[in-house]
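Notes follow the structure.
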Amino acid sequence: MAWDFSTEPDFQKKLDWMRDFVRTEVFPLETLDLDWDQLRKAIAPLQEEVKANDLWAAHLDPELGGQGYGQVKLGLMQEILGSTPFGPLVFGCQAPDSGNCEILAAVGTEEQKKRWLEPLLAGEYYSSFALTEPDNAGADPTNLTTTAVRDGDQWVLNGHKWFISNAATADFMIVVAVTDPDAERHRRTSQFIIPIDAPGLDVVRDIGSVENPRPRPYTYGSHCEVVLRDVRVDDSALLGNRGDGFLIAQKRLGPGRIHHCMRWIGQASRAFDMMCERATYRYAHGSVLADKQTVRNFIADSAAEIQALRLMTLHAAWRIDEEGTAAARKDIALIKFFGAKILHDVIDRALQVHGSLGYSADLPLESMYRAARAARLYDGPDEVHRDSVARQYLKGYTRPADDRPTEHIPTRREAARRRFAELLAEQP
């Protein structure tokens, strides 16, 4: 099948509506310092408009209230939503809730779906995903030390989780814990659904970060330290089968990385627009910045990189739609580390063109710049994805005979002389 990233007219109308809606209705929320309750009140009428336009939680299957869109369409939507931190939230597809919805829908029991998934889909509940630990990276969950030990008909969870997104505003969290320490390394963990008010579950603090050095408590987008001390749950809290923690986690990663990259494209495109606008009127050293070769290079390089990332990401999305997530593994890893670099570089150039104004908080560039640094860490550091890509490519190569390069010219020349000996003999 030929590659085709075009959209039918009806869907293009939805994209056009989304673009205008996000800019006019969602962008203004960025300028206000709202706590979680205030933000929920502010976005409630916007979410109703989204639902009225059949765009709510579009990443889910129709039976769950979504639209059943493939990854190419979802990617085009995420490109628009990613231009603002609140875009996904208004459209019901924010992380980590979107990934939690997907795994609850895939492996949750009917009771779990009714208690947790339905209110999550309705926007009544919010959630978090507790994987990473202070001394154990989420990129390698085989090293986790948080435990869930069987005690009669209950599980007792103990552990220390770190940088857990939105834990401060969540109604429940999905905790990854070791249930079988002696099992094969990818079968050691299980996942548990824990109410945020469960005895022994302590959201210790909002962690300051490069993105937000002095976090305001109880705000959307927090990253928290969480401690579990003898948290007791019964079997109804176990998500999927015992030992399936790693396998379940994989279900939320592939498409999630497509969405990450398309959102980064939306952010980079917004920074690009600001950079180009600045170049048209900022006057320095005898002319506007648009007349400076360095600024023109910034613009040309940024345009090329955004376009390259967009095509790479849509191609990865297309492969998922056509062949499944497993077939697109290499493509997904490529866009993850390439996308993080492009996001940073484009924002960095835009900030440079704006000078002190870009560095100030009077423009969104400074907050975009700080947030972009985390892209190289989220969903696995760049180094892990680079290594994965390299290993997959290397599988297609073998050691040459006699350790002589395949392209070794003297060897090839000798073979060519034997092949064309008759022709060469005719030469005077």
Side-chain angles (χ1 to χ4, degrees), residues 59-61 63-64 66 95-121 125 127-133 136-161 164-165 167 170-196 198 200-201 226 228 230-257 320 324-329 332 379-380:
H59 59 292
L60 296 169
D61 291 334
E63 60 267 25
L64 295 174
D97 296 314
S98 57
N100 288 346
C101 282
E102 290 173 353
I103 59 178
L104 280 165
V107 301
T109 65
E110 290 306 311
E111 178 187 351
Q112 289 171 339
K113 291 176 182 178
K114 185 173 183 61
R115 183 178 179 187
W116 304 113
L117 179 59
E118 290 183 9
L120 192 59
L121 291 175
Y125 277 8
S127 66
S128 62
F129 189 78
L131 174 64
T132 304
E133 299 174 351
N136 299 293
D140 185 6
T142 61
N143 290 329
L144 296 181
T145 57
T146 296
T147 59
V149 178
R150 194 73 175 168
D151 183 21
D153 59 354
Q154 290 187 315
W155 293 94
V156 182
L157 281 77
N158 284 279
H160 190 182
K161 295 295 186 179
I164 307 306
S165 300
D171 296 285
F172 69 93
M173 65 174 55
I174 295 176
V175 177
V176 185
V178 176
T179 50
D180 300 274
D182 297 325
E184 183 267 323
R185 63 195 301 258
H186 290 103
R187 300 289 305 172
R188 296 174 66 240
T189 62
S190 304
Q191 295 190 18
F192 295 86
I193 308 169
I194 312 293
I196 204 67
L201 176 60
V226 176
L228 299 99
D230 293 330
V231 176
R232 289 183 171 270
V233 294
D234 58 28
D235 283 331
S236 66
L238 180 64
L239 183 59
N241 295 319
R242 178 173 177 168
D244 281 352
F246 181 84
L247 297 175
I248 294 172
Q250 299 307 301
K251 294 180 180 294
R252 67 201 306 277
L253 290 180
R257 286 170 181 152
I320 292 176
T325 301
R329 182 184 172 194
I332 293 168
D379 280 355

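It should be emphasised that the depicted structure is a prediction, and the values quoted were computed from it without experimental measurement. Along the sequence shown, residues are numbered consecutively beginning with 1.
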Under the side-chain contact (heavy atoms from CB on, under 4.5 Å) criterion, do Val226 and Leu201 qualify, and how do the steps go?
CA-CA 7 Å; Val226 176; Leu201 176 60; 3.5 Å; yes
Contacts of type side-chain contact (heavy atoms from CB on, under 4.5 Å), residue Val107, not counting sequence neighbours:
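Result, side-chain contact (heavy atoms from CB on, under 4.5 Å) vs Val107: Leu239, Ile248, Lys251.
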Just to verify, what does [X] make a salt bridge (Lys or Arg N to Asp or Glu O under 4.0 Å) with, not counting sequence neighbours?
X: Glu110; answer: Lys113
X: Asp230; answer: none
X: Arg242; answer: Asp180

Separation of [Y] [atom2] from [X] [atom1] (nearest 0.5 Å):
X: Leu121; Y: Trp116; atom1: CG; atom2: CH2; value: 14.0 Å
X: Ile320; Y: Ile332; atom1: CD1; atom2: CD1; value: 4.0 Å
X: Thr109; Y: Lys114; atom1: OG1; atom2: NZ; value: 12.0 Å
X: Leu104; Y: Gln191; atom1: CG; atom2: CD; value: 9.5 Å
X: Ile193; Y: Ser127; atom1: CD1; atom2: OG; value: 10.0 Å
X: Thr146; Y: Leu228; atom1: OG1; atom2: CG; value: 6.5 Å

Beyond-backbone contact of Leu131 with Leu144, side-chain heavy atoms, under 4.5 angstrom
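Side chain of Leu131 against side chain of Leu144, heavy atoms only: contact under 4.5 Å found.
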Is there a side-chain contact between Val176 and Phe129 in this structure, where contact means two heavy atoms from C-beta onward sitting under 4.5 Å apart?
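Counting from C-beta outward, Val176 and Phe129 do come under 4.5 Å.
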Run the salt-bridge test on Arg188 and Asp182 with the 4.0 Å N-O cut-off and return the result as yes or no.
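Result for this pair is no, no salt bridge flagged.
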In a check of side chain to side chain contact (heavy atoms under 4.5 Å, CB included) between Phe192 and each of Val231, Asp235, Thr179, which one passes?
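For Phe192, the side chain to side chain contact (heavy atoms under 4.5 Å, CB included) check succeeds only for Thr179.
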Give the C-alpha distance, both sets of side-chain angles, the deciding distance and a yes or no for side-chain contact (heavy atoms from CB on, under 4.5 Å) between Asn158 and Val149.
CA-CA 9 Å; Asn158 284 279; Val149 178; over 6 Å; no
Between Ser190 and Gly243 (side chain of the first, backbone of the second, donor and acceptor by atom type, cut-off under 3.5 Å), is there such a pair?
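Indeed, once roles are kept as given, a pair shorter than 3.5 Å links the two residues.
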Intermediate values then yes/no, side-chain contact (heavy atoms from CB on, under 4.5 Å), Trp155 and Arg150
CA-CA 5 Å; Trp155 293 94; Arg150 194 73 175 168; 2.8 Å; yes
Quick one: closest heavy-atom pair of His59 and Cys101, and the distance?
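Looking at all heavy atoms of both residues, the shortest contact is NE2-CB, 4.5 Å.
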Of all the heavy-atom pairs spanning Ala237 and Gln112, show the shortest one and how long it is.
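Taking every non-hydrogen atom into account, C-NE2, 4.0 Å.
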Could you work out, with side-chain hydrogen bond (donor to acceptor under 3.5 Å, both in side chains) as the rule, every residue matching Glu102, not counting sequence neighbours?
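Listed in chain order: nothing, the list is empty.
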For Asp151, check side-chain hydrogen bond (donor to acceptor under 3.5 Å, both in side chains) against everything at least two apart and list the hits.
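Arg232.
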Flag yes if more than 12 heavy atoms outside Glu111 fall under 6.0 Å of its CD atom; otherwise flag no.
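Counting neighbours around CD of Glu111, 12 or fewer heavy atoms of other residues, nucleotides or ligands fall under 6.0 Å, so no.
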Flag for Thr145-Glu133: side-chain donor and acceptor within less than 3.5 Å:
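Thr145 and Glu133 do have a side-chain donor-acceptor pair below 3.5 Å.
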